[in-house]
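Convention: sequence-line order gives letters A, B, ...; per-chain numbering from 1.
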Number of protein chains: 2
Amino acid sequence: MGAVTASDLAGWQLFSYLPAGDTARLARVATQHRFGKGQTIFSEGDQADALWVLLKGQVKIFKLSPDGREQVMRIVRGGESFGEAAALSQGDYPAHCEAIARSVAVRFPANDFLALLKGSPQLAVNMIVALSQLLRGFASLVDALALREVSARLAKYLLDASVRAKSDAVVLEVRKSLLAARLGTVSETLSRTLRRLRERRIVRVEGQRIDILDRPALQQIAAGMRI
Amino acid sequence: MGAVTASDLAGWQLFSYLPAGDTARLARVATQHRFGKGQTIFSEGDQADALWVLLKGQVKIFKLSPDGREQVMRIVRGGESFGEAAALSQGDYPAHCEAIARSVAVRFPANDFLALLKGSPQLAVNMIVALSQLLRGFASLVDALALREVSARLAKYLLDASVRAKSDAVVLEVRKSLLAARLGTVSETLSRTLRRLRERRIVRVEGQRIDILDRPALQQIAAGMRI
DNA sequence: GGAACTCCTTGACCTGAGTCAACTGCGGGA
DNA sequence: TCCCGCAGTTGACTCAGGTCAAGGAGTTCC
């Protein structure tokens, strides 16, 4: 745990266009924390007394089933906030949160943040935009889980990742078992699905690297075509 | 389509604690619309140029699978807003929206609303709280779809509904086929699941009315116990 | 260099739940 | 009062995908 300077906050989406005074006030209530790989940041049911921004590393937000299966709701990348919804509606965290790589995060006590929100329309609007995007992400996750087969979810993931990477070569940002949990399945099924794509020459797989060989086919599968 | 007065807006959660000036400005950009049962309010992919508040009636937000299965993301009740996330992040509506009963809704053009947000910290905070609650709802939907069986989802739904009704007698707010789509299943499976609960004397079913006879059993099923 | 991991892959099996089809019964309209 | 139609129920069948178990292939640590 350490102090945070205003310049630490500059450049993050949530704090863009903020007047300097607001940034300074935010920095004053913030504390910096380091987490080792695998370390818990918060658990489902904990009192949501803080909102976080990830500076460095990678963090997963996930739920567990009664028999221990894991659904990853979100993989947080550097610069993104997390725990917002819980902290801002003053209840418990609705999911678990764990660092999946060495990470540095900034913690804002919920009360302080809420108070600052009321005095900073720009911060409030930024927060609203962030929440809206999050909601979009969740809507598409619901769609995927309820209405798409695993092959379509995987195809969509690869296409999205290739857009982000601006390349046909996708390097998975997480281990395959975690990707499986993200896609709402298990690693065995992911492995089999990836094999079907490989056998059809739609992708080439080399460890964490996946090359898209036949984009149109992948798009058809993402749109619901059976394979 | 009709005009909206400030008093029409009073009392709705999103507009609570607003200074009179803000309410008046909101009313000035708002228009009132009536929808018949089954009428489309917007479709997935439409440009999200407005945010809505439902005054009367009932509205469903839903997605369709490639082969036409329906997942209801949300059932909007009187007083709630909808289309917020889409309108506030300036893209397309990510889902379909249809009135499931005769309804009256107020429409706020996205640009106007966004402008008002910047000038009304209280409105912004209300919006943030609303979005946060929505996000919680989605998180629990993801959890249900990915990690719970249909019986557990149904049990949880009944328990929640009974809390809202403050009674062991739950009157379904929607047709069973729509409830099925809400729970991420089909009406046949809902029917069979309900029968299993009936046979075990856990509930009594009379049309749209369901009496909870054995709450502890229902709680166990909601927590993942197989039946 | 090898032991002990952890991650991934593959095969065999099983089951929850979706599909299709038939039937029932209530409720509204003329 | 009699249809007609839609919501709901039930049975039979099918299958996507989860579980269990057994390797294999890198990695890390003595």
How close do L158(A) and I210(A) get, heavy atom to heavy atom, and via which atoms?
CD2-CD1, 4.0 Å
Take T5(A) and Q32(A), measure what side-chain contact (heavy atoms from CB on, under 4.5 Å) needs, and give me the verdict at the end.
CA-CA 10 Å; T5(A) 65; Q32(A) 203 179 86; over 6 Å; no
OP1 or OP2 of dC8(C) versus the side-chain N and O atoms of S177(A): is any pair under 4.0 Å?
yes
Of all of residues 67-76 of chain B, which get a heavy atom below 4.0 angstrom from DNA chain C, listed by number?
D67(B), R69(B)
Rounded distance (Å) that lies between atom P of dA17(C) and atom CD1 of I227(B)
10 Å
Tell me the interatomic distance from E199(B), atom CD, to dT9(D), atom P, rounded to whole angstroms.
12 Å
Shortest side-chain distance from R195(A), nucleotide among dG11(C), dG8(D), dT9(C):
dG11(C)
Checking F138(A) against L141(B) for the side-chain contact (heavy atoms from CB on, under 4.5 Å) test, could you report, in this order, the C-alpha distance in whole Å, the side-chain angles of both residues, the deciding distance, and whether it holds?
CA-CA 9 Å; F138(A) 274 42; L141(B) 184 55; over 6 Å; no
Could you state the atom-to-atom distance from CG of L154(A) to P of dC8(C) in whole Å?
14 Å
For a quick test of reading the model, state the closest non-hydrogen atom pair linking K60(B) to E70(B) and the distance between them.
NZ-OE2, 3.0 Å
Side-chain donor-acceptor pair under 3.5 Å between S89(A) and R136(B), yes or no?
yes
Looking at every non-hydrogen atom in both residues, tell me the closest pair between A95(B) and I61(B) and how far apart they are.
CB-CG2, 3.8 Å
Is any side-chain heavy atom of V203(B) closer than 4.5 Å to one of V170(B)?
no
Can a side chain N or O of T185(A) be found less than 4.0 Å away from OP1 or OP2 on dG18(D)?
yes
Between dA25(D) (P) and E206(A) (CD): distance, integer Å:
16 Å
OP1 or OP2 of dG8(D) versus the side-chain N and O atoms of Q208(B): is any pair under 4.0 Å?
yes
Let me know the distance between CG of L178(B) and P of dA7(D), rounded to the nearest Å.
11 Å
Detail all sub-3.5 Å separations between protein N/O atoms and N/O atoms belonging to nucleotides 20-22 of chain C.
from, atom 1, to, atom 2, distance (Å)
dC20(C), N4, E188(B), OE2, 3.2

note: L179(A), atom CG; dT9(C), atom C1'; distance rounded to Å ~ 15 Å
Closest non-hydrogen atom pair, Y93(B) against D49(B):
OH-N, 4.1 Å
Minimal heavy-atom distance between S162(B) and R215(B), with the atoms involved, is OG-NH2, 2.9 Å
When you check the phosphate oxygens OP1 and OP2 of dA17(C), does a side-chain N or O of T189(B) lie under 4.0 Å from one of them?
no
Using atom NZ of K176(A) as one end and atom P of dA25(D) as the other, report the distance to the nearest whole Å.
14 Å
Between atom CG in L172(A) and atom C1' in dC7(C), what is the gap in whole Å?
13 Å
Between W52(A) and F82(A), what is the ring plane arrangement, given parallel below 30°, perpendicular above 60°, and tilted in between?
parallel
Does anything in residues 141-151 of chain B come within less than 4.0 Å of DNA chain C? Heavy atoms only, and list the residues if so.
E149(B), V150(B)
Smallest separation among heavy atoms of W12(A) and L55(A), with atom names
NE1-CD2, 3.2 Å
Applying side-chain contact (heavy atoms from CB on, under 4.5 Å), run through M127(B) and L14(B) and close with a yes or a no.
CA-CA 6 Å; M127(B) 193 74 236; L14(B) 192 56; 3.8 Å; yes
